[in-house]
Student: 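Here it is, the structure, as structure tokens.
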Amino acid sequence: MFESRNGDNVEFLSNTYFYELDDLYERVKSENEKWYIFDGSNRVAAKAVITKMMKDLESNPSILKNHENDNLYFETFDKNIRKLNSITEEIHYFRNTLNSYSDAPTSLDEMITLTSEHKWKLFSAKFHRYNYEGVNAALNVKFISADGRFEAVYNTETEEIVTDPVNMGTYNYVTPSVQ
């Protein structure tokens, strides 16, 4: 639950929740405008919204899965990320939490099926680089969801999704051009 400015409890991911996030942004921005000469109040407000959204998702991780406003959550989060001039380590690693909502299958064969249905795309190797710890990482291929947000990396030898933190797929705060 989110307590709105007027004291009402707002359900996480409801339409009202997103209105309240907009209100939080405007309120924090307004409170900080006098302290920033070069529009730093936008960054402070965006960070407040991002922090709230991270905390809410961590408290309610199962609700986002297939929720009618799941896409709105990602859009709102990404919109606020783009207002920052840098991200913290916590925000950087939160992309792993977000990527867990990708619905990427565990096997390469299943991913190839989703690719043939245009739900995912094979990402060109010229746009990524793996940390080659042994020969296995050289056999990795990356897929990007149709909207460019989610990544999944598979090892072509094992045909399984890569979960090691060095080479696994992550959530893209700013979607790349899918090649």
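A quick note: this is a predicted structure, and the numbers were derived from the prediction, not measured.
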Student: Does L13 offer a backbone N or O that forms a donor-acceptor pair with the side chain of N69 under 3.5 Å?
Tutor: yes
Student: In chain order, what residues pass the side chain to side chain donor-acceptor pair (under 3.5 Å) check against N71, with sequence neighbours excluded?
Tutor: E75, R149
Student: State, with a plain yes or no, whether a side-chain heavy atom of T97 is found less than 4.5 Å away from one of M54.
Tutor: no
Student: Could you list the residues that satisfy side chain to side chain donor-acceptor pair (under 3.5 Å) with K119, not counting sequence neighbours?
Tutor: E117
Student: Any side-chain heavy atom of N96 within less than 4.5 Å of one from M168?
Tutor: yes
Student: Under 3.5 Å, is there a donor-acceptor pair between the side chain of S30 and the main chain of E26?
Tutor: no
Student: So, for S41 and E33, which heavy atoms are closest and what is the spacing to 0.1 Å?
Tutor: OG-CG, 3.4 Å
Student: Is the closest side-chain heavy-atom distance between L114 and P105 below 4.5 Å?
Tutor: yes
Student: Could you check D147 against F74 for side-chain contact (heavy atoms from CB on, under 4.5 Å), going step by step and ending with a plain yes or no?
Tutor: CA-CA 11 Å; D147 62 8; F74 296 120; over 6 Å; no
Student: Looking at the rings of Y171 and Y173, which for Trp means the six-membered one, are their centres under 6.0 Å apart?
Tutor: yes
Student: Would the distance check show the side chain of T51 and the main-chain N or O of A48 forming a donor-acceptor pair, the cut-off being under 3.5 Å?
Tutor: no
Student: Rounded to the nearest 0.5 Å, how far does CG of N15 lie from CD of E20?
Tutor: 12.0 Å
Student: Go through the structure and list residues passing ring-ring contact (aromatic ring centres under 6.0 Å, His included) with F18, not counting sequence neighbours.
Tutor: none
Student: For residues 87-97, which residue pairs qualify under salt bridge (charged side-chain N to carboxylate O under 4.0 Å, His left out), counting only residues two or more places apart or in two chains?
Tutor: none
Student: Supply the atom-to-atom distance D78 CG to R82 CZ, rounded to the nearest 0.5 angstrom.
Tutor: 5.5 Å
Student: Check whether any side-chain heavy atom of L108 lies under 4.5 Å from a side-chain heavy atom of T158, and answer yes or no.
Tutor: no
Student: Please check this pair: side chain of E151 against backbone of T170, looking for a donor-acceptor N/O pair closer than 3.5 Å.
Tutor: yes
Student: Looking at every heavy atom in both N80 and V49, which two are closest together, and how far apart are they?
Tutor: ND2-CG1, 3.6 Å
Student: Donor-acceptor pair, D23 side chain versus Y19 backbone, under 3.5 Å?
Tutor: no
Student: Parallel, tilted or perpendicular for F77 and Y73, by the 30°/60° rule?
Tutor: parallel
Student: Minimum heavy-atom separation for A146 to H118, with atom names?
Tutor: CB-O, 3.7 Å
Student: Of all heavy-atom pairs between P61 and S59, which one has the smallest distance, and what is that distance?
Tutor: CD-C, 3.5 Å
Student: How long is the gap from CE on M53 to CG on L24, to the nearest 0.5 Å?
Tutor: 10.5 Å
Student: Run F12 and I63 through side-chain contact (heavy atoms from CB on, under 4.5 Å) and show every step you take.
Tutor: CA-CA 8 Å; F12 178 53; I63 294 174; 4.3 Å; yes
Student: Just verifying a value: how many Å separate H92 NE2 and S86 OG, rounded to the nearest 0.5 Å?
Tutor: 13.0 Å
Student: What's the separation between atom CG in D56 and atom CG in L21, rounded to the nearest 0.5 Å?
Tutor: 7.5 Å
Student: Is there a side-chain contact between K65 and D103 in this structure, where contact means two heavy atoms from C-beta onward sitting under 4.5 Å apart?
Tutor: yes
Student: Which heavy atom of K52 sits nearest to which heavy atom of Y17, and what is that distance?
Tutor: O-OH, 4.3 Å
Student: Check for a donor-acceptor pair, side chain of N172 on one end and backbone N or O of G148 on the other, with a separation under 3.5 Å.
Tutor: yes
Student: With the 4.5 Å side-chain cut-off for hydrophobic clustering, are F150 and L122 part of the same group?
Tutor: yes
Student: Answer whether the closest heavy-atom distance between the side chains of Y154 and E160 falls below 4.5 Å.
Tutor: no
Student: Under the criterion side-chain contact (heavy atoms from CB on, under 4.5 Å), I'd like the reasoning laid out for K29 against N42: C-alpha separation, chi angles, the key distance, then a yes or no.
Tutor: CA-CA 6 Å; K29 181 180 179 217; N42 281 331; 2.8 Å; yes
Student: Report yes if some heavy atom in the side chain of K142 is under 4.5 Å from a heavy atom in the side chain of V153; otherwise report no.
Tutor: yes
Student: Side chains of T113 and E110: is there a donor and an acceptor less than 3.5 Å apart?
Tutor: no
Student: Y25: which residues meet the ring-ring contact (aromatic ring centres under 6.0 Å, His included) condition with it, sequence neighbours left out?
Tutor: none
Student: Do side-chain atoms of D164 reach the backbone of N167 as a donor and acceptor pair under 3.5 angstrom?
Tutor: yes
Student: Under the 3.5 angstrom rule, does the side chain of T156 hit a backbone N or O of N140 as a donor-acceptor pair?
Tutor: no
Student: Tell me, with the steps shown, if L84 and I91 meet side-chain contact (heavy atoms from CB on, under 4.5 Å).
Tutor: CA-CA 11 Å; L84 302 178; I91 293 171; 4.2 Å; yes
Student: Just to verify, what does Y101 make a ring-ring contact (aromatic ring centres under 6.0 Å, His included) with, not counting sequence neighbours?
Tutor: none
Student: Counting the benzene-type ring for Trp, do F143 and F123 have ring centres under 6.0 Å apart?
Tutor: no
Student: How many angstroms lie between atom OG of S107 and atom CD1 of I112, to the nearest 0.5 angstrom?
Tutor: 8.5 Å
